[in-house]
Structure formats: C-alpha cells, structure tokens
Amino acid sequence: MCGVRHSGITVVGIPARNEATTVASVARAADEGLRQAFPNRTNVIVLADNGSTDGTADRFLDADLHAHQIVVRSTAAGTGKGTNVFAIADKARELGADRVLLLDADVRSTEPQWIERLATAVDDDSPVLALPTYRRNRFEANTTNHLASPLLAAIFGVHVQQPIGGEFAFNAAFLERMTRWPRPASAYLYGIDIWLTANALREHLRVAEVPLGRKVHNSPFPKILHLPQQVLDSLFHVVSQLDRVRPAFRAAPVKREAVDGEFVRQDPDVIARVTTTTNHYLKAYQPDIQRLLPSARILGPAPWGLWVGADDWPHLLADAVEALADGCFEAARDHLVALYVNRVLTFWDEIDGLSGPEIDELLDRQAADTVRAVKYRSITFDHQCNTGGFDAGLWAALDEHAA
Ligand SMILES: O=c1ccn([C@@H]2O[C@H](COP(=O)(O)OP(=O)(O)O)[C@@H](O)[C@H]2O)c(=O)[nH]1
Ligand SMILES: O=C(O)[C@@H](COP(=O)(O)O)O[C@H]1O[C@H](CO)[C@@H](O)[C@H](O)[C@H]1O
C-alpha cells in the first residue's frame, strides 16, 4: 500500500500579540533552523496576530527570511493565543503541510536547532505531538508545575513534564485529528496548549518530549490568575469527555532536569496585588471552598494567605478532580485558582536554599503523590459539562487583567 503523500512543506507558526521587540529574532531563528533542517523544501513561517498595536506584524515582515512569510490577522476583542494557533493550523491544512511547529514570539532563548529537534520528533505517518522540556527559572512555570503536569499525570496516567510549554510540533495526521475535537471558548485563549496535550492523551496519541535547552521569556507571573483559570477550564472540558480516571502508566515520573541554575524572583508589587485579590476571594468563598475541597479545612495561615505545602497540594488537586466529576465545574476551577496561588507562594518558601535537582525532585514527588491521591478515590465522570462561552466567572470582577 502506498504511504501517505508528503508535500515537503513545513509550517512554523508564531502566535503573537504585541511582541514587536522579540518576534523578528524568533522568526530569524526559525528561518535558520528551517534552512538547516529542510534546505531544499518549501518552508513557511506564519505569524498569527490577534490585534497587536505595537507593530508586531511589521517587525516580522521586515525580517529578511529565506522562508515564505505569511501574516494571518484577527481582531483583539474576544480572541487569544488559541485564536492564533487555530489560524496557524487552518493555514497549514490549506497548504497541505507535512508538519507544524509552534514557537512563542517572546522567547529570547529560541535556537535554530529547536526546529530540527521538534520536526524529527513528529516524523511519522500516525498522529504525534511533540512537547518541549527546557530548563526554566524556578519562579516560573508555576501553572506547569502545580496544575498541568500533576493533573494530567493523575487523570490520564501519563506523566508529561512540560505539557503547556508553548513550543510544540505536530504532523499532518495530528493536524487532521485536532479538527474533530470540541473547542471550548477557553481553548481560543490560554487554554490552547493544554487542550492540545490533554486531547492527545485522551485519544492515546503518541506524545514525544523534546529537550530544547533554556526558556527565557517575559515573566508569565502577572497572568497568574486568568491564565491558569483558562488552562483549567480547557483541561476540565477535555477531562469531562472521559468516563473515568485512567491508571498511571508508570509509578514514578521520568526523572526531570527542568530547573535552571539561574533564576529571577517575581516582582513584589505584582505579588502583593495578586495576593490581595486571592485573599478577597478566599474570604468571600471560604465556606464553599471548604465544602467542595475538604482538604482545605486543615490549611494553616501564611504571610501571603494560606500555607499550601507539597504534602497538602495533591489532596486539594484530588478534591478538585472529584468536584469536577460531581458536576461542580466552575466552582472547582475558580476555587482551585485561589488555592493554586497560595501553593505557588508556599512553594517559593519551600525551595528557598534548595538546588535545581532538589527542586526537580520535590516537583516529581508532588506529581507522583497527586497520582496516588486521585487513584484512591476511584473517580468516574458522569456529568457532561457545558461547552458554552468561557465565563471568567467569579474572578472577572476581582482580576482586572482577566482576559
Ligand atoms: O492574545 C494572545 C496572548 C498571547 N499570545 C501569544 O502566545 C504566546 C504565549 O503567550 P505569553 O508569553 O503571554 O504566555 P506565557 O509564556 O507568559 O505564559 C506569545 O507568543 C504571545 O504573544 C497571542 O498570540 N495572543
Ligand atoms: O510555562 C508555563 O507554565 C505557563 C505559564 O507560566 P506560569 O506557570 O504562569 O509561570 O506558560 C505557558 O503556558 C501558557 C498557557 O498554556 C502558554 O500559552 C505559554 O506559551 C507557555 O509559556
């Protein structure tokens, strides 16, 4: 039987909003990587821009590249990163691309070598998703470390170190599969990354982890309220399609080396604003938080709000999965965001003085403990959740940056 037809076309997609200062350097690194990996093929770099006001598209088009350059634009209102990723996927399908790579537009450590490494990982006729593993600032990747990675391990039975890293690759077969998956509104926002990974795990597709080196980008911390809410929203929509939690594929995660020796602490003014918002929320909703997430009842005080330690967190995550299974989608999502912020601030206190490997070990242990905490609850998902618009819910009024 003849194999799948290959066009020889590679698309590198760059989703961007207001990234004028870095988009050209990312595009040049991608272009050099494409030239090295696919010298005599058709290479296309697509910038998908949802309403930038800083000249991002002009900076991209001004870059003198070997690859074909395409700009796909959408308006700002009601759009997000997912809008751009879906636009890149549509363009890649239109072009008949063999593979699609996604690069964030703000990553100052992007290297040409990332292109061949990501592309090689998806060189297959069956659907494959490539995910990055990089070394990162220990005060970043909080959504990855305390929500996405442990929850995916506990629910899908597969431990993925960095499921929402931003640098992805997938092949034509995966591109076709993703057209079939339901798209909650949050997947058009920051929920897109976990939507890709969680759906791949849900359909038992191959997921390849690709070492990329260091990730240096704009600090995500100012988005620590609305970004994880959108990530959890998309994750919960995918999880609600399961009938039950799946057994762990392997007891312990593959040993990680994801914490960079160098680090930069987060802005204390931003931390103060975020903790004020979360403490308002905790005070207003404490009875329901403790009803829905019983493990919260034993949490003690901390300077920032609550002490949520590495021993507490797996049980709170298990409570949230159980609450989701019981149909309390929005409350579980929003209560978890408030407790997640307290987990992050507690984690920063826990890692004071620890080495990178010791921090990696703590996070691996937390993920393995989450798998165990969820496993012993025998959770089944009997409630189909609504796939209506993304409602920032209780957080909208509290988080002036909610988007
Ligand atoms: O409405 C948006 C928000 C973000 N992004 C892009 O998505 C990538 C990741 O966003 P961001 O850096 O804000 O996320 P972080 O890495 O800080 O979590 C970047 O290229 C952004 O420009 C986008 O295309 N549209
Ligand atoms: O790296 C991460 O864990 C998150 C956010 O960083 P934080 O956890 O807020 O420090 O950033 C990633 O997640 C976003 C949502 O999925 C993606 O859109 C970003 O591309 C990615 O950098």
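In listed order, ligands and their atoms are each counted from 1. These values consider heavy atoms only, across backbone and side chains, with no hydrogens, waters or symmetry-generated copies.
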**Q** Just to confirm my output: which protein heavy-atom neighbour is closest to atom 6 (C) of ligand 1, and how far is it?
**A**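 Of the protein heavy atoms, Pro15 O, 3.5 Å lies nearest.
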
**Q** Can you find an N or O of Asp106 that's nearer than 3.5 Å to an N or O of ligand 1?
**A** yes

**Q** Heavy-atom contacts with Gly80 under 4.0 Å: which atoms of ligand 1 show up? List them by number with element.
**A**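 Within the 4.0 Å cut-off of Gly80, ligand 1 contributes 1 (O), 2 (C), 25 (N).
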
**Q** Taking the side chain from Asp326 and the backbone from Cys328, do they hold a donor-acceptor pair closer than 3.5 Å?
**A** no

**Q** Give the residue and atom name of whichever protein heavy atom lies nearest to atom 13 (O) of ligand 1, and the separation in Å to one decimal.
**A**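 Checked against all protein heavy atoms, atom 13 (O) of ligand 1 sits closest to Tyr190 OH, 2.7 Å.
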
**Q** Which heavy atom of Val23 sits nearest to which heavy atom of Thr56, and what is that distance?
**A**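 Reported closest heavy-atom pair: CG1-O, 3.7 Å.
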
**Q** At a 4.0 Å threshold, what atoms of ligand 1 neighbour a non-hydrogen atom of Arg17?
**A** 1 (O), 2 (C), 22 (O), 23 (C), 24 (O), 25 (N)

**Q** Looking only at protein heavy atoms, identify the closest one to atom 5 (N) of ligand 1 and say how far it is in Å.
**A** Lys81 CB, 3.8 Å

**Q** Check Pro150 against Ala367 and note the closest heavy-atom contact, atom names and distance.
**A** CB-CA, 4.1 Å

**Q** How far is atom 1 (O) of ligand 1 from the closest protein heavy atom, and which atom is that?
**A** Asn50 ND2, 3.0 Å

**Q** Does atom CD of Glu358 have more than 12 heavy-atom neighbours from other groups under 6.0 Å away?
**A**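 Yes, because the 6.0 Å sphere around CD of Glu358 holds more than 12 heavy atoms from other groups.
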
**Q** Any side-chain donor paired with an acceptor under 3.5 Å for Asn43 and His68?
**A** no

**Q** Polar contacts were defined as any N/O atom of the residue lying under 3.5 Å from an N/O atom of the ligand; does this apply to Lys223 and ligand 1?
**A**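 N/O-N/O distance below 3.5 Å exists for this pair.
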
**Q** Any cation-pi pair here, Arg183 with Phe86, using under 6.0 Å and within 45°?
**A**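 Yes, a cation-pi geometry holds between Arg183 and Phe86.
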
**Q** Collect the protein residues that have a non-hydrogen atom under 4.0 Å from ligand 2 and hand them over in chain and number order.
**A**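 Only Lys81, Asp104, Arg136, Glu140, Ala141, Asn142, Thr143, Thr144, Ile164, Gly165, Gly166, Tyr190, Asp193, Lys215, His217, Pro220, Leu227, Val231 have heavy atoms that fall under 4.0 Å of ligand 2, ordered by chain and number.
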
**Q** Taking heavy atoms and a distance under 4.0 Å, where does Leu227 meet ligand 1: side chain, backbone, both or neither?
**A** side chain

**Q** To the closest 0.5 Å, what do you measure between NZ (Lys81) and CZ (Arg17)?
**A** 13.5 Å

**Q** I'd like the name of whichever of Asp104, Thr79, Val85, Thr22 reaches closest to atom 9 (C) of ligand 1 through any heavy atom.
**A**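 Of the listed residues, Asp104 has the closest heavy atom.
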
**Q** Is there a heavy atom in Gly166 that sits closer than 4.0 Å to ligand 1?
**A** no

**Q** Exactly one of Glu167, Gln161, Arg214 should register a side chain to side chain donor-acceptor pair (under 3.5 Å) with Tyr134. Which one does?
**A** Glu167

**Q** Could you tell me whether the side chains of Asn137 and Glu262 share a donor-acceptor contact shorter than 3.5 Å?
**A**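 Distance-only check fails for Asn137 and Glu262.
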
**Q** Please work out whether any backbone atom (N, CA, C, O) or any side-chain heavy atom from C-beta onward of Glu19 is under 4.0 Å from ligand 1, and answer side chain, backbone, both or neither.
**A** side chain

**Q** So Phe139 and Trp348, would you call those rings parallel, tilted or perpendicular, with 30° and 60° as cut-offs?
**A**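 Perpendicular.
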
**Q** Find all atoms of ligand 1 within a distance of less than 4.0 Å from any non-hydrogen atom belonging to Asn84, and give their numbers and elements.
**A**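 Those of ligand 1 that fall under 4.0 Å from Asn84 are 23 (C), 24 (O), 25 (N).
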
**Q** Cut-off 3.5 Å, side chains only: do Arg108 and Asn218 have a donor facing an acceptor?
**A** yes

**Q** Using distance alone, with no hydrogens and no angle criterion, decide if Asn50 and Ser74 have a side-chain donor and acceptor under 3.5 Å apart.
**A**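 On atom types as modelled, these side chains do not qualify, holding no pair under 3.5 Å.
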
